[in-house]
Structure formats: structure tokens, C-alpha cells
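Quick caveat, the model's predicted, so the values are computed rather than measured. One is the number of the first residue; the rest follow in order along the sequence.
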Amino acid sequence: MKKIILTTVTLCSALVFGQKVSDFRYVSVPQKFQTFKNSFGLEDLLSKILKGKKYVVLSGDQNSWPAEVKANPCQVINADVINDKSFLRNRVILDFKDCNGKTVLQSKGTSLIKEFEEGFSDALQQAVKEVAVSNPVEQVNRVSSVQSEKPVAASSVSEPVKAQSNSGTGKYTNGKVTVQKIQIDENQFILADQDSSVPYATFRTTTKNDVFRVKLQNGNSTIGYVENGNIIIEIPQSNGEYAKETFSIR
């Protein structure tokens with residue numbers, strides 16, 4: 001029996017900071033999209049589609065990147081697929097960020113297919129239509145220039161954090177280490193090691209309240225959320241599982 005499939009596409013909202021996704025040759029796709037408990041192979045699907053658009057797809061593990069790319073990570077744009085499911089729709093947000101964590105493109109895809117695997121796949125295929133074929137230009141390593149303009153770089157975890165205002169601050173502990181919460185702006189905050197003033201983790205908002213994309217001090221990406229006043233980070237383990245790390249306010 002022929003299945004009639006109705007799909008709708010929400011026009012993408014492009015936040016361009018002097019760049020386009022097509023300016024890049026390399027795209028980093030994580031091993032698992034963190035806002036999905038089961039991502040139904042969306043990582044492989046996105047990688048396949050991007051390769052068809054002439055991009056070189058890299059894993060989320062920077063240790064596996066070619067030496068020339070490691071030397072200038074700003075050649076790489078980072079892809080993420082965010083679960084934006086509603087009650088009656090399978091929806092995704094396809095998000096691309098540059099090496100400084102700035103959004104270059106966000107594209108939304110929506111499907112009326114009720115089955116999760118087919119619906120999310122359909123929604124992603126709608127969203128990725130907004131991505132043009134790769135036509136790379138030279139990408140300059142711009143991390144240092146951004147740091148000179150702002151005390152805390154959005155994607156850097158190596159520079160000490162300078163004093164901020166008291167707005168949104170507070171001390172938290174996991175029982176082993178004490179960190180200071182520092183609100184950078186309405187969309188991001190950091191937990192900084194109290195002793196060294198180095199960011200322990202950087203948090204960025206998602207489309208879901210109290211759920212954050214997190215970049216850890218070692219460069220790994222994961223998710224975090226606020227629960228009963230506690231800040232919780234899901235820490236990736238070597239076996240592919242995640243451990244729950246809870247920071248409680250002091």
C-alpha cells in the first residue's frame with residue numbers, strides 16, 4: 001500500500017556572521033547527537049548527505065583530525081542536530097557553529113510522519129536542504145582575535161577567566177571540586193574552577209528550558225541541565241555510556 005507522506009518545512013533562520021556553511025570544506029559531526037536518547041542513525045544520515053554536498057566529514061573527536069586541521073581548527077564548522085519534537089510533529093533543528101561557537105546557520109525541519117525513525121529522518125532531510133554545496137574559502141584561525149575583544153572566549157577553555165559582575169553568579173560543588181557560576185550573557189554561562197579560575201565547563205542554551213549544550217575543559221561536548229536547583233552534567237565515559245555529575249549550590 002502506498003503511504004501518503006505529508007511534510008512541511010519551517011524556513012530556516014540564518015544567523016550569519018560574515019560566513020556561510022558552504023565557505024567550509026570540513027564539517028565535524030559528533031558520534032551522537034546529545035539531545036536524543038535514540039538518534040535513529042541521524043549522525044550517519046547527516047554525514048552521508050554532507051559528503052554528497054562535497055564536504056569532508058570529520059568525527060567529533062579532534063584527536064582523529066588530520067594534522068593540518070588540528071593546526072587550524074577554524075577550518076572546521078561544527079554540526080549538531082537538536083531534538084525539537086512537539087506533540088504531533090517530529091521536528092529537528094540543524095545547527096552549524098564556527099570555531100568560536102558562533103551560529104552560522106540554523107535550519108528547522110518538520111515531518112508529519114508519526115514513526116520516530118522515519119519522521120526524524122524526514123525532518124533532517126528537509127532541514128539539510130538549506131545547506132549549499134561546499135565551496136570553501138580560506139579560514140583564518142580567529143580564536144586569538146576574539147579573545148582580545150572579550151575576556152572569555154565562547155569556545156576556549158584554556159584562558160583564565162577574568163572577574164565578572166555578580167549577576168547570575170554562585171558557588172557550586174560536586175563534593176570534590178568547587179566552581180563559580182559566571183553568567184556571560186543571557187545565552188551562556190560557565191562554571192569556573194575556584195582555585196585556578198579556568199573554565200570547568202561552558203554552557204549554551206538550547207531550545208528547551210534548562211537544557212544546555214556543554215563544552216568540557218578537555219574539549220569534549222555533552223549536555224547539561226538544571227534540576228531542583230542543581231546543575232547536572234552528563235560526563236562521557238570510555239565505554240560510550242554517560243555518568244551523571246551533580247553540582248549543588250553551596
The reported gap from OG1 in T206 to CG in D95 (rounded to nearest 0.5 angstrom) is 10.5 Å
Cluster question for you: counting only ILVMFWY and a side-chain heavy-atom cut-off of under 4.5 Å, with indirect links fine, are Y242 and L191 together?
no
Original post:
Got Y55 and S22 here, is their nearest side-chain heavy-atom distance under 4.5 Å?
Top reply: yes
- [ ] State, without any angle test, whether S47 and E43 hold a side-chain donor-acceptor pair at a distance under 3.5 Å.
- [x] no
Rounded to the nearest 0.5 Å, the NZ atom of K215 sits from the CD atom of Q188 at a distance of 12.5 Å
Hits for side chain to side chain donor-acceptor pair (under 3.5 Å) against E241, two or more places apart or cross-chain, chain-then-number order -> none
Rounding to 0.5 Å, atoms CD (Q62) and CG (N220) come to a distance of 9.0 Å
When rounded to the nearest 0.5 Å, the distance separating CD1 of I82 from CZ of F33 is 10.0 Å
Next item on the list: Group every Ile, Leu, Val, Met, Phe, Trp and Tyr by side-chain heavy-atom contacts under 4.5 Å, then state whether V29 and V131 land in the same group.
Entry: yes
For K54, the side chain to side chain contact (heavy atoms under 4.5 Å, CB included) test, sequence neighbours excluded, returns V133, S134
* Do the side chain of S28 and the main chain of N78 share a donor and acceptor less than 3.5 angstrom apart? -> no
Taking K70 for its side chain and N63 for its backbone only, find out whether a donor-acceptor pair lies under 3.5 Å.
-> yes
Quick note, ring-ring contact (aromatic ring centres under 6.0 Å, His included) partners involving residues 102-130, not counting sequence neighbours, are F36-F120
**Sidechain-backbone polar pair: D185 side chain, N187 backbone, donor-acceptor under 3.5 Å** = yes
Is it the case that one hydrophobic cluster holds both V211 and V214, taking links as side-chain heavy atoms less than 4.5 Å apart, direct or via other members? no
Note to self: Assigning hydrophobic clusters by single linkage (Ile, Leu, Val, Met, Phe, Trp, Tyr; side-chain heavy-atom cutoff under 4.5 Å), is I223 placed with F212?
What the structure shows: no
Give the table of side-chain donor-acceptor pairs shorter than 3.5 Å for residues 230-237, with sequence neighbours excluded, one pair per line with atom names and distance.
unit_1, atom_1, unit_2, atom_2, d
N230, OD1, S248, OG, 3.2
Q237, NE2, I235, O, 3.0

Item to check | Expected output: side-chain T103 to main-chain L105 donor-acceptor under 3.5 Å | outcome: no
Donor-acceptor contact below 3.5 Å, side chain R91 vs main chain D84
yes
Under 3.5 Å, is there a donor-acceptor pair between the side chain of S111 and the main chain of N90?
no
Quick note, salt bridge (Lys or Arg N to Asp or Glu O under 4.0 Å) partners involving residues 24-41, not counting sequence neighbours, are none
In this structure, CD of Q31 is separated from OG of S39 (nearest 0.5 Å) by 10.0 Å
- prompt: Aromatic ring centroids of Y200 and F247 under 6.0 Å?
  reply: yes
One should read off an interatomic distance between Q75 CD and F24 CZ, to the nearest 0.5 angstrom, of 10.0 Å
For Y225, the side chain to side chain donor-acceptor pair (under 3.5 Å) test, sequence neighbours excluded, returns none
- prompt: Does I49 offer a backbone N or O that forms a donor-acceptor pair with the side chain of Q125 under 3.5 Å?
  reply: no
- Message: Please determine whether residues L94 and V27 belong to a single hydrophobic cluster, defined as Ile, Leu, Val, Met, Phe, Trp and Tyr linked transitively by side-chain heavy-atom distances below 4.5 Å.
- Response: yes
